Q: 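Below is the structure I would like to discuss, written out as structure tokens.
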Amino acid sequence: MKILLIYPYFLETRVHTAEDVRAVPLGVYYVASVLKENQYDVEILNWYNINTTPHKISEVLAEKKPDVIGFSILHANRWGGIEIARIAKQIDPRVTIVFGGIGATFLWSHFLTHFCEVDYVVIGEGEYTFLNLIKYLESDRSQAIETIKGIAFRHDGQAIRTRETEAIGCLDDLPVPAKYFSYQHLSLTRGCAGKCNFCGSPRFWGNNVRFHSVDYFVDQIERLYRKGSRFFYFSDDTFTVNRKRVVDICKRIIEKELDITWSAISRVDYVSTEILYWMRKAGCIQISYGVESGSEKIRNFLQKKITTAKIRKAFALTQSYGIMARAYFIYGCPQESRQTIDETIALIEDIKPLSAIFYILDIFPGTRLYEDFKHRLGVSDDIWLNRAEDIMYFETDPNLTREMILDFGQKLRLAFYERLTGFTEALQLIDRKDLYPLHADFYSRLAMTFDHGDYSRIDAIKHKESITEKLYRRSLTYYPNARAYLGFGILTQKRGAYRESGRILSQGLSQFPGDPQLNISMGVCLMNLGEYEQALSRFLGFQDVKEAVQFAAECYKALGIEDPNVA
Ligand code: SF4
């Protein structure tokens with residue numbers, strides 16, 4: 001039996017959350033690994049952008065000839081799933097289509113009622129349910145399908161579901177997907193300590209937070225590390241919910257000398273100096289916190305249950321350990337007004353986040369907000385027959401208009417960007433000698449973000465060049481850092497100050513003599529000073545780097561020597 005697991009495309013192109021939508025959800029890897037452990041032929045297709053080359057959908061499906069296709073449905077990619085399923089059924093009407101994931105779980109009846117392409121829905125935690133369904137499909141089907149817990153299907157034209165499946169008691173019973181696949185999003189936990197009314201996680205995962213063991217989690221990182229991954233997203237709802245487990249994981253990463261960096265998600269009420277210290281030592285470079293709003297009234301409405309004091313403390317502590325604290329804000333909430341937006345701006349000024357993401361409040365199935373919406377407007381799940389990705393709260397509230405919301409969004413983003421340089425200047429890192437190399441790393445990364453990363457493209461951020469230079473300099477006051485020497489050297493070159501640049505790069509090379517980029521930049525500097533012979537000798541040491549070969553060719557030409565690389 002050939003099984004495809006497809007992560008379908010979204011209707012709209014996302015800008016701010018690109019890294020999230022591009023990645024196949026971790027759950028798909030778990031489902032696939034369970035199938036592999038049971039000797040099934042399964043393949044994962046990341047079709048988050050297949051709609052840019054739509055002819056490939058039928059080409060690939062015709063070639064692979066799947067018997068079953070499982071779709072990973074978030075809310076916003078459901079139309080992608082339906083459209084691909086339609087094509088699959090046209091190619092081979094016998095193919096079985098299964099929808100799963102959070103979007104399918106809360107709209108199982110809707111999908112089965114309105115879309116004949118969908119044969120089954122896996123409800124909730126899917127690994128063993130999907131396996132049981134596959135076993136059923138390839139059997140003689142003498143077993144009553146109703147005995148498979150956690151699925152929904154059509155019976156006599158009606159959508160029906162079976163009994164709820166039990167949550168997996170021991171998460172470590174699941175095979176480590178890294179045995180079979182490479183990926184960057186990992187998770188230690190399932191479930192969340194919070195119960196926010198706009199979030200589907202509490203209902204999807206249940207009331208308790210479940211954990212993988214330290215061994216399982218670190219083994220997964222190590223396997224991926226051995227395959228070449230160096231950066232990870234720990235995508236738990238609240239990674240730090242269990243202090244001891246997190247500290248143990250960090251210590252283990254350090255002991256095993258896994259040279260990785262990673263970002264995590266947490267809540268402001270679940271971090272402490274101890275956790276932050278170990279997280280930073282183990283390679284954490286960013287923590288995202290849901291702050292949501294500066295207005296306590298709105299935070300209370302969202303049932304966020306965090307105080308301003310806790311938010312302030314978490315941001316100050318996180319950034320003092322050289323971890324970028326990212327704030328997620330939601331606007332367009334009930335009772336949003338100029339005043340609540342001003343309160344959010346005041347909070348931004350107060351907590352000085354180095355990164356901030358602003359979302360409009362969406363209404364997702366599976367949340368209390370959605371139940372309230374259906375009740376308020378007297379609508380049913382049929383609302384999702386609209387070819388739209390999501391429902392924004394403000395569209396359902398007569399007190400809010402699109403113009404207001406756009407204006408609020410602009411104000412918030414502008415307020416953040418205009419203050420960002422000041423936030424950066426105000427940074428004060430904790431004075432611990434063992435953290436100095438990491439502080440140098442932190443400042444050089446931040447400088448790079450202003451220099452040629454995300455912040456370099458944002459006009460509202462002023463004085464980018466001067467803050468970049470300050471950050472590179474600060475980095476080097478803590479510890480020699482190759483990235484800082486290189487960035488500072490190139491920045492100086494761009495100003496045409498080649499001698500000064502050469503001096504900075506020489507300092508860097510005295511610390512990191514074999515660093516290719518420092519050597520190549522030094523070569524470029526020497527070329528600009530007319531010292532082609534010396535430049536050439538730099539480039540010749542790095543003939544496996546394309547740039548170095550190109551620069552060497554320029555040197556040969558300037559020196560009037562035949563380039564041995566030209567036939
Ligand atoms: S928004 Fe975050 S903290 Fe709140 S319930 Fe969802 S995952 Fe938990």
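Just so you know, ligand 1 is whichever comes first in the structure, and atom 1 is the first atom listed for that ligand. Just so it is clear, the model here is predicted, and its values are computed rather than measured.
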Q: Tell me which protein heavy atom sits closest to atom 8 (Fe) of ligand 1, plus the residue, atom name and distance to 0.1 Å.
A: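 Its nearest protein heavy-atom neighbour is Cys192 SG, 2.2 Å.
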
Q: Give a yes/no answer: is there an N/O/S atom of Cys199 under 2.8 Å from atom 8 (Fe) of ligand 1?
A: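 Within the cut-off used here (under 2.8 Å), Cys199 places no N, O or S atom near atom 8 (Fe) of ligand 1.
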
Q: Going by ring pair (Phe, Tyr, Trp, His ring centres under 6.0 Å), Phe111 matches just one of Trp384, Phe99, Phe106. Which one?
A: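 Of Trp384, Phe99, Phe106, ring pair (Phe, Tyr, Trp, His ring centres under 6.0 Å) with Phe111 is met by Phe99 alone.
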
Q: With a cut-off of 4.0 Å, which atoms of ligand 1 are near a heavy atom of Gly194?
A: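 Ligand 1 atoms under the 4.0 Å threshold to Gly194: 5 (S).
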
Q: Identify, by atom number and element, the atoms of ligand 1 in contact range of Asp237, meaning under 4.0 Å from any of its heavy atoms.
A: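 Checking each atom against Asp237, I get 7 (S).
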
Q: Consider only side-chain N and O atoms of Gln220 and Tyr183, and report whether a donor and an acceptor are under 3.5 Å apart.
A: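 Yes, a side-chain donor-acceptor pair sits under 3.5 Å.
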
Q: Can any side-chain N or O of Lys256 pair as donor or acceptor with the backbone N or O of Ile253 at less than 3.5 Å?
A: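 Pair absent, no side-chain N/O of Lys256 close to backbone of Ile253.
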
Q: Can you confirm whether Gln339 is buried at CD, in the sense that more than 12 heavy atoms of other residues, nucleotides or ligands lie under 6.0 Å from that atom?
A: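 No, because the 6.0 Å sphere around CD of Gln339 holds 12 heavy atoms or fewer from other groups.
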
Q: How far is atom 2 (Fe) of ligand 1 from its nearest protein heavy atom, and which residue and atom is that?
A: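 Among all protein heavy atoms, the one nearest atom 2 (Fe) of ligand 1 is Lys304 NZ, 4.0 Å.
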
Q: Can you tell me how far apart CG (Leu276) and CD (Gln319) are? Round to the nearest 0.5 Å.
A: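 Output value for this atom pair is 11.0 Å.
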
Q: Under 4.0 Å from any heavy atom of Phe198, which atoms of ligand 1 are there?
A: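 Contacts of ligand 1 toward Phe198, numbered from 1: 1 (S).
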
Q: Hey, does Pro202 sit under 4.0 Å from ligand 1 if you only count heavy atoms?
A: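 Yes.
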
Q: Any heavy-atom pair between the side chains of Met279 and Phe239 that's under 4.5 Å?
A: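 Yes, side chains in contact.
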
Q: Looking at atom 5 (S) of ligand 1, what's its closest protein heavy atom, distance included?
A: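 For this ligand atom, the closest protein heavy atom is Cys196 N, 3.4 Å.
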
